[in-house]
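Along the sequence shown, residues carry numbers from 1. Excluded from the calculations below are hydrogen atoms, water molecules and symmetry mates; all remaining heavy atoms, backbone and side chain alike, are included.
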Amino acid sequence: ALLQAGDQSGRLPDCFKLLSAHYHERAQLVRTALASLAYPVFVLHIALLLFPISRFTGLILQGEVFAFLLQKLSVFAPLYGGAALLILASNAGGENWRATLEQLLQRVPLLGTARRSLALSRLSAALEALISAGVTIIEAWELAATASGSPGLRRFVRRVKPLWLAGQTPAESVSASGIFPDEFSSLYHTGEVSGKLDESLLRARVYFAEQGARKLKTFVMLACGALIGAVMLLVEEGRIGLDDVVEKFLPQLGNRKVLKPGALCLADVEPAKSPITIRQLLTHTAGLSYGIFDPGSVIFKGYNEAGVLN
C-alpha cells in the first residue's frame with residue numbers, strides 16, 4: 001500500500017527509501033534482541049532441562065527416558081506453541097486475527113506503545129506523500145491506513161468515512177476518536193488549520209519513528225533483564241549456583257579447546273585453562289562468540305563455513 005501511495009503521488013523513490021530505512025532499522029533491532037537474549041535464553045533452557053532434578057537424575061542413573069521426555073514436553077510445548085501461534089497470527093492470519101493480536105500486544109508495556117508509534121509513522125508518511133500529490137483526503141486516508149499495517153487504523157477509517165462524507169474534518173475525527181495520541185492529534189489539527197498539512201505530517205513521521213524505535217529498544221533491554229531475573233530466582237532458590245561449572249549440567253562442554261592468541265585458523269587451538277561458570281554466562285565473560293560481533297574473524301568464518309548462522 002505504501003508503494004501504491006508513492007506511485008500515485010509521483011514520489012516512488014522516496015517511498016522506497018522510507019521502506020529501506022524502516023526494514024534496515026527493524027533488522028538492527030532484531031539483531032540486537034537476538035544478541036542480548038542469546039545468553040539468558042541459553043541458561044534458561046539449561047535450567048528447564050535440568051529441573052526438577054529428580055527427572056534428570058532418573059534419566060542418568062535409571063534410564064527413565066520416557067518420563068524425562070514427557071515432563072520436558074509439557075514444559076517446552078506450550079512455550080514454543082505460543083510463540084509459533086503469535087508468529088502465524090501476525091503473518092498469515094486474517095483481519096480479525098491481526099486485530100486481536102494488535103489489541104493483545106497493545107496491553108504490553110512499552111511494546112504496545114512502540115508498535116503504535118511505528119504504525120503512526122507509516123500512516124503519516126503515506127498521508128504526506130498522497131496529499132502532496134493532490135489525492136483526495138478520504139482516499140489518502142484509506143490508502144495510508146492500509147500502509148500503516150494497523151487493523152485498528154483501518155477500522156477507524158471505515159468507521160468515520162461516512163462522517164467525512166457528511167462534512168466532518170479528519171482533524172475532528174482524530175481528536176474525538178480517543179485512539180490517537182495527543183501529539184498526533186495536535187500536529188494534524190495544526191497542519192489542517194494552517195494549510196501546511198504536508199509539513200505537519202512530515203514532522204509526525206519523524207517524531208513517531210524515533211519514539212517507536214526508542215521504546216522498542218527499551219522493551220528489548222527490559223525483556224533481557226527479565227530473563228536474567230528468572231535465572232537469578234533459580235539461583236536464589238539454590239537450584240543453580242553462580243559459580244557452578246556448565247559441564248555439571250552439560251558434560252559435552254567439558255574438556256574444551258580454545259583458539260590460541262593470534263590464531264589464524266580453527267586448527268590453532270589449545271586446552272581451555274578453566275571451565276565456564278553460570279556467572280560467566282550471565283555476565284558475557286565466558287569467552288563464547290556468536291560470530292555476529294566480529295565479522296572477518298576466525299570464529300566468524302568458521303561459523304559461516306559450518307552453516308551455524310543459517
>> Test of understanding: with salt bridge (Lys or Arg N to Asp or Glu O under 4.0 Å), list the residues that count as partners of E192, not counting sequence neighbours.
In response: none
>> For a quick test of reading the model, state the closest non-hydrogen atom pair linking L201 to I131 and the distance between them.
In response: CD1-CD1, 3.8 Å
>> Is there a side-chain contact between V245 and I276 in this structure, where contact means two heavy atoms from C-beta onward sitting under 4.5 Å apart?
In response: no
> If Ile, Leu, Val, Met, Phe, Trp and Tyr residues are connected whenever their side-chain heavy atoms lie under 4.5 Å apart, and connections chain through other members, are V258 and V269 in the same group?
Replying inline: no
> So F208 and F184, would you call those rings parallel, tilted or perpendicular, with 30° and 60° as cut-offs?
Replying inline: tilted
> Got a second to check how far R122's CZ is from T146's OG1, nearest 0.5 Å?
Replying inline: 12.0 Å
>> Between the side chains of D243 and R279, is the shortest nitrogen-to-carboxylate-oxygen separation below 4.0 Å, so that they form an ion pair?
In response: yes
> Which heavy atom of R205 sits nearest a heavy atom of A125, and at what distance?
Replying inline: CD-CB, 3.1 Å
>> Distance check, rounded to the nearest 0.5 Å: L153 atom CG versus S148 atom OG?
In response: 4.0 Å
> Does the pair I138 and L165 meet the rule for a side chain to side chain contact (heavy atoms under 4.5 Å, CB included), with working shown?
Replying inline: CA-CA 8 Å; I138 295 179; L165 292 173; 3.5 Å; yes
> Roughly how far apart are L120 CG and Q211 CD, rounded to 0.5 Å?
Replying inline: 9.0 Å
> Side chains of Q280 and T285: is there a donor and an acceptor less than 3.5 Å apart?
Replying inline: no
> Between K215 and A114, which heavy-atom pair has the shortest distance, and what is it?
Replying inline: CB-CB, 3.9 Å
> Checking E172 side chain against T169 main chain: does a donor-acceptor pair fall under 3.5 Å?
Replying inline: yes
>> So does V174 get a backbone contact from the side chain of S177, meaning a donor-acceptor N/O pair under 3.5 Å?
In response: yes
> Are I179 and V160 linked, directly or through other ILVMFWY residues, by side chains that come within less than 4.5 angstrom of each other?
Replying inline: yes
> Do the non-hydrogen side-chain atoms of L242 and T277 ever get within less than 4.5 Å of each other?
Replying inline: no
> Do you reckon V75 sits in the same ILVMFWY cluster as L70, going by side-chain contacts under 4.5 Å, direct or chained?
Replying inline: no
> Please walk me through it: do E199 and L202 pass side chain to side chain contact (heavy atoms under 4.5 Å, CB included)?
Replying inline: CA-CA 5 Å; E199 296 180 8; L202 180 59; 5.6 Å; no
> From Q71 CD over to L69 CG, what is the distance, rounded to the nearest 0.5 angstrom?
Replying inline: 10.0 Å
> Linking I/L/V/M/F/W/Y whenever their side-chain heavy atoms sit closer than 4.5 Å, directly or via other members, would I137 and F180 fall into one cluster?
Replying inline: yes
>> I need the minimum non-hydrogen distance between L118 and A213, along with the two atoms involved.
In response: CD2-N, 4.1 Å
> To the nearest 0.5 Å, what is the distance between CD (E270) and CZ (R256)?
Replying inline: 12.0 Å
>> Using modelled atom types and a 3.5 Å cut-off, is there a donor and acceptor pairing between side-chain atoms of S121 and backbone atoms of S117?
In response: no
> Does the side chain of D268 come within less than 4.5 Å of C265's, by heavy atoms?
Replying inline: yes
> For L197, does its backbone N or O pair with a side-chain atom of S200 as donor and acceptor, under 3.5 Å?
Replying inline: no
>> I need the R154 CZ to R158 CZ distance, nearest 0.5 Å.
In response: 7.5 Å
>> Between S186 and E183 (side chain of the first, backbone of the second, donor and acceptor by atom type, cut-off under 3.5 Å), is there such a pair?
In response: no
>> With a 4.0 Å cut-off on N to O distance, would you call K161 and E142 a salt bridge?
In response: yes
> Heavy atoms, side chains only, cut-off 4.5 Å: are S150 and F156 in contact?
Replying inline: no
> Residues in ring pair (Phe, Tyr, Trp, His ring centres under 6.0 Å) with Y188, at least two apart?
Replying inline: W141
> Closest approach of V157 and A145, non-hydrogen atoms and distance?
Replying inline: CG2-CB, 3.7 Å
